[in-house]
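Just so it is clear, the values below take in all heavy atoms, side chains as well, and ignore hydrogens, waters and symmetry mates. Protein chains get the first letters and strands the later ones, always in sequence-line order, with residue 1 at the start of each.
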Amino acid sequence: KAGVTQTPRYLIKTRGQQVTLSCSPISGHRSVSWYQQTPGQGLQFLFEYFSETQRNKGNFPGRFSGRQFSNSRSEMNVSTLELGDSALYLCASSPGDGWSEAFFGQGTRLTVV
Amino acid sequence: DAKTTQPTSMDCAEGRAANLPCNHSTISGNEYVYWYRQIHSQGPQYIIHGLKNNETNEMASLIITEDRKSSTLILPHATLRDTAVYYCIAKNNNAGNMLTFGGGTRLMVKP
């Protein structure tokens, strides 16, 4: 069974640009969550999508957005990039209900210069 | 979700049991205790979870106190590959799959 796939693995962007990150969950999983990890703030929840609907949202500005497609694949977008957006972005996949464990991808490391 | 408190770091000798404590004194009755770990530069990995009974799987054991205010994750025979940051999370399973990570415990297993 293939794991959670995040693309790209590494990305360098310039301040002010926008970026789109992709996450393919484990086959059959309907829930996808996104997290940001920085040395200063640790692992922080961004948002969760379930069956194409945003189910939970963390405390991030509106520049951070996401969506989920009918095949459960998800994308997150960050507009008007700031230096502080440099981080490891992690995607987690779950079957759907809240009882199950989350499976994390390897992450996308975004560097904003 | 209830806040959890963990020691910042711990050391353990290879082959010995690693006991990682977690305090969750404000946990509510419908919140489960979950443990994840993150090995350097990888995504977090699920270890175990429980509500009030002790749990065991192939990776670890979870001991939850009777008042549910604290718990201990036990790795029975730690190896060098168990060196990681371990996160204890209190999670309401009726509120989706959002995980609130704290600072975790950095476990160093030494030869």
Side-chain angles (χ1 to χ4, degrees), chain A residues 3-7 9-10 21 23-26 29-51 53-60 66 68 72 74 87-109, chain B residues 1-9 22 27-53 55-62 73 84-107:
Chain A
V4 179
T5 303
Q6 291 189 246
T7 56
R9 289 292 312 278
Y10 301 92
L21 311 182
C23 173
S24 293
I26 291 171
H29 284 193
R30 297 162 63 193
S31 167
V32 173
S33 300
W34 288 90
Y35 295 82
Q36 181 197 66
Q37 186 170 29
T38 59
Q41 299 297 319
L43 266 161
Q44 293 187 286
F45 172 80
L46 279 156
F47 26 66
E48 179 199 4
Y49 286 87
F50 176 74
S51 294
T53 301
Q54 189 178 85
R55 182 157 71 174
N56 283 298
K57 187 177 189 306
N59 189 25
F60 278 82
Q68 186 179 33
S72 292
S74 177
L88 179 67
Y89 290 88
L90 291 156
C91 165
S93 150
S94 299
D97 56 70
W99 299 82
S100 48
E101 66 203 74
F103 297 84
F104 283 80
Q106 293 285 73
T108 294
R109 184 161 296 281
Chain B
D1 294 337
K3 180 177 165 57
T4 61
T5 305
Q6 300 176 252
T8 304
S9 63
C22 178
I27 196 169
S28 62
N30 59 358
E31 286 182 313
Y32 285 67
V33 178
Y34 279 75
W35 284 83
Y36 283 78
R37 73 180 182 184
Q38 186 175 27
I39 296 170
H40 184 61
S41 298
Q42 296 182 21
Q45 176 191 23
Y46 166 83
I47 301 173
I48 199 167
H49 75 281
L51 182 63
K52 50 185 177 181
N53 297 322
E55 302 287 344
T56 296
N57 63 20
E58 65 280 359
M59 287 184 69
S61 294
L62 173 60
L73 178 74
V85 178
Y86 287 76
Y87 296 98
C88 169
I89 299 167
K91 178 178 175 293
N92 182 339
N93 278 346
N94 295 320
N97 290 301
M98 180 178 76
L99 296 169
T100 303
F101 289 86
T105 295
R106 185 172 298 276
L107 175 69

Answer yes or no: is there a donor N or O on one side and an acceptor on the other, between the side chain of Tyr35(A) and the main chain of Leu99(B), under 3.5 Å? yes
Taking Tyr36(B) for the side chain and Ala102(A) for the main chain, is one N or O donor matched with an acceptor at less than 3.5 Å? yes
[X] side, atom [atom1]; [Y] side, atom [atom2] - distance, nearest 0.5 Å:
X: Glu101(A); Y: Tyr34(B); atom1: CD; atom2: OH; value: 8.5 Å
X: Met98(B); Y: Phe47(A); atom1: CE; atom2: CZ; value: 14.0 Å
X: Leu88(A); Y: Gln42(B); atom1: CG; atom2: CD; value: 11.0 Å
X: Phe45(A); Y: Phe101(B); atom1: CZ; atom2: CZ; value: 11.0 Å

For Pro44(B) versus Leu43(A), what's the shortest heavy-atom pair and its separation? CG-CD1, 3.9 Å
Heavy-atom distances under 4.5 Å only: say whether Gln6(A) touches chain B with side chain, backbone, both or neither. neither
More than 12 heavy atoms from other groups under 6.0 Å of NZ on Lys3(B): no
Residue from Gly105(A), Gly107(A), Ala92(A), Ser94(A) scoring the most non-hydrogen pairs under 4.5 Å with chain B is Ser94(A)
Under a 3.5 Å cutoff, is there a donor and acceptor pairing between the side chains of Ser33(A) and Asn97(B)? no
